[in-house]
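Bear in mind the structure is a predicted one, so any value in this text is a computation, not a measurement. Order of appearance sets the numbers: ligands from 1, and atoms from 1 within every ligand. The analysis underlying the following values was restricted to heavy atoms, covering all of them including side chains, and did not include hydrogens, waters or symmetry mates.
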Amino acid sequence: MSGTPNIYPELQLFIDGEWISKGDRKSELVLNPATGEVLGELPHATTADLDRALASSQKGFKVWSGMLPEKRSEILRKAADLLKQRGEQVTQVASMESGKVIAQSRIELHMATEVLEWYAEEGRRTYGRVLTQRQAGSRMLVLRQPIGPVAAFTPWNFPQGNPARKLGAALGAGCSCILKAAEDTPASAILMVKALQEAGVPDGVVNLVYGVPAEVCPYILRSGVVRALTFTGSVPIGKDLMKICAERMIRTTMELGGHAPVLVFDDVNLEHVLDLSVTAKYRNGGQVCVSPTRYYVHESLYAKFVEGFTARVNKMKIGNQLDEANNMGPMIHARRREAVDALIQDAIKHGATLNTGGEAVAGPGFFYKPTVLSNIPDSARIMNEEPFGPVACINSFKDFDEVIAKANRLPFGLAAFAFTDSGKRLKLLGEQLEAGMIGLNSFAISVPESPFGGIKESGHGSEEGTEGFDACMITKFISEV
Ligand code: NAD
């Protein structure tokens, strides 16, 4: 681990208020994807660890749900403050393990702390309601209560943001939470849980475990302890986990993959749309669930759009994520890089034009050149499978109905974007695009007060917004005469 700044924390499990080191547990190495350097050794939870975490989560639920919302709110806000104070370390660690450029990790920390603060405030307003009487002297109440221990499984690509959304919703609603964050990026979740602990979250309210996901996740879900699962990850894993949840009717929030279309009409300011498009596409090397992936550009602008897009991509700086000068870092691991390359080569075989990129960067780390493909047939795999990498697919269209059909033709429905100056079109786009989040003349589709989630095979339920609490609360009707 030579050369690693010592800001990277020891990798530990957090069970029943205790930080647990590797000891004689199995483990895995966590790598810096830019260098292949070992950052740390992550212990895997044993079955006994998981049983302890589950029991602790039940105990923690009783304590936390019984605490006044005002007090819970104070603790969550304090945790957000601690993370901000430690911002330099927290963002460097997130970048070191995820490969995300440091400027984007800073934005993500802002987003994560805002989410915790928002849930802290909104947790004081999870009101029920009183219905009008049906009979003199009677009372009819709709009561909302925390659902119980919540299981949360998160991916690596937003190592701060995803744990913050899940912990914020569960804790804000009064639930305890067993978090299994991504094994690729464990330290970011560790730093967040440390902040929660130091802010005053009682033992058992948050447990953090790692291990072999295909073993740990089903074990937690089949325990009979958890009442809800909030999952962010790929569609196939989401479907598998839902089947397990069905065994015990565990409530699910599924934040899954997407394949976001971007519709560019003939009345836009082309240079402005190009600037926004290239920045949005290569954020986190395209490894973002709402990443714009399929650009559909009106035929009158198509050639200029492809040219302008490619020219901008050729000016991008690719390199170490901690170097402020770079726009894009490495991909998360060799597997992801190989998967993206396979999709790109398949598209070329199917007749797509490679405008730039299309190969790995030689040398250490998992770098891949930012890539632009155009004229891609729908039969190519990349037009049907989530690319989740630094590749833009650009095709042309002639008219409105045709492009709506193209945008909606996949089973995904996470995000969709469109650019036009026409008010009439904007109205129709909002109504007709099949996606849980729609950005019109903007790629910005996430703030703590707005619901974040997909439709179709991109999942169900929302995080953030008042909707974010729905997953973590039950509704009871009480009729009293
Ligand atoms: P992934 O599905 O491989 O992993 C997500 C989580 O599931 C991790 O905690 C992982 O350890 C766990 N997991 C992996 N295999 C498992 C198994 N067999 N059984 C149980 N759990 C398992 O996804 P990833 O590669 O980490 O992340 C990329 C995916 O996540 C993409 O599809 C992306 O679109 C999606 N994503 C969605 C959102 C959203 O909000 N909709 C946000 C970020 C990422």
Does any non-hydrogen side-chain atom of Y219 lie less than 4.5 Å from one of T47? yes
Distance to 0.1 Å, residue and atom name: give those for the protein heavy atom nearest to atom 41 (N) of ligand 1. L256 O, 2.8 Å
Under 4.0 angstrom from atom 18 (N) of ligand 1, is there any protein heavy atom? yes
Have a look at ligand 1 and work out which part of E386, if any, has a heavy atom under 4.0 Å from it: side chain, backbone, both or neither. side chain
Counting each atom of ligand 1 from 1 as listed, which ones have a heavy atom of T154 under 4.0 Å away? 6 (C), 8 (C), 9 (O)
Sub-4.0 Å atoms of ligand 1 with respect to non-hydrogen atoms of T232: 5 (C), 6 (C), 36 (N), 37 (C), 38 (C), 39 (C), 40 (O), 42 (C), 43 (C), 44 (C)
Does ligand 1 have a heavy atom under 4.0 Å from the side chain of F231, from its backbone, from both, or from neither? side chain
Heavy-atom distances under 4.0 Å are what count here, so tell me which part of N157 touches ligand 1: side chain, backbone, both or neither. side chain
Within-cut-off N or O pair, K180 and ligand 1, under 3.5 Å: yes
Ignoring hydrogens and geometry beyond distance, is a side-chain donor-acceptor pair present between E97 and T185 at under 3.5 Å? no
Show which atoms of ligand 1 fall inside a sub-4.0 Å distance from at least one heavy-atom site of E255. 37 (C), 38 (C), 39 (C), 40 (O), 41 (N)
Do R336's NZ or CZ and the ring of F388 fall within the cation-pi criteria of under 6.0 Å and 45°? no
Without hydrogens or angle criteria, can the side chains of H44 and S27 be said to hold a donor-acceptor pair below 3.5 Å? no
Hey, looking at atom 36 (N) of ligand 1, which of G459, C289, G453 has the closest heavy atom? C289
In this structure, are over 12 heavy atoms from other groups packed under 6.0 Å from R251 atom CZ? yes
Run the numbers for me: atoms of ligand 1, each under 4.0 Å from some heavy atom of L414, listed by number. 41 (N)
Within 4.0 Å of some non-hydrogen atom of P213, the atoms of ligand 1 are 11 (O), 12 (C), 13 (N), 14 (C), 15 (N), 16 (C), 19 (N), 20 (C), 21 (N), 22 (C)
For atom 25 (O) of ligand 1, which candidate among W156, F158, F412 provides the closest heavy atom? W156
Please report which non-hydrogen protein atom sits nearest to atom 21 (N) of ligand 1, along with the residue it belongs to and the distance in Å to one decimal place. C217 SG, 3.4 Å
Should the pair F14 and W19 be assigned to parallel (<30°), tilted (30 to 60°) or perpendicular (>60°) ring geometry? tilted
Is it the case that N384 and R409 place a side-chain donor and acceptor less than 3.5 Å from each other? yes
Among all protein heavy atoms in this structure, tell me which lies nearest to atom 40 (O) of ligand 1, with the distance rounded to 0.1 Å. F452 CE2, 3.2 Å
N/O separation below 3.5 Å, S234 to ligand 1: yes
Is it the case that over 12 heavy atoms from other parts of the model lie below 6.0 angstrom from the CZ atom of R125? yes
With the threshold set at under 4.0 angstrom, would you say F388 reaches ligand 1 through any of its heavy atoms? yes
Given the options F443, F305, Y296, F419 meets ring pair (Phe, Tyr, Trp, His ring centres under 6.0 Å) only with F443
Check each heavy atom of I237 against ligand 1 and say whether those closer than 4.0 Å belong to the side chain, the backbone, both or neither. side chain
Please list the nearest protein heavy atom to atom 4 (O) of ligand 1 with its residue and the distance rounded to 0.1 Å. G233 CA, 4.5 Å
If only side-chain N and O atoms count, and only distance matters, is there a donor-acceptor pair under 3.5 Å linking E464 with S450? no
Assess, by modelled atom type and distance only, whether the side chains of S56 and D16 contain a donor and an acceptor separated by less than 3.5 Å. yes
Proximal atoms of ligand 1 relative to A214 (non-hydrogen, under 4.0 Å): 17 (C), 18 (N), 19 (N)
Are a donor atom and an acceptor atom from the side chains of R165 and S446 found within less than 3.5 Å of each other? yes
Side-chain donor-acceptor pair present, Y8, N32, cut-off under 3.5 Å: no
Please work out, at 4.0 Å between heavy atoms, whether the side chain, the backbone, both, or neither of V290 comes within that distance of ligand 1. neither
Geometric cation-pi criterion K100 and W156, 6.0 Å radius, 45° cone: no
At under 4.0 Å between heavy atoms, is it the side chain or the backbone of E183 that contacts ligand 1, or both, or neither? side chain
With heavy atoms and a 4.0 Å threshold, my read on which part of P155 contacts ligand 1 is both
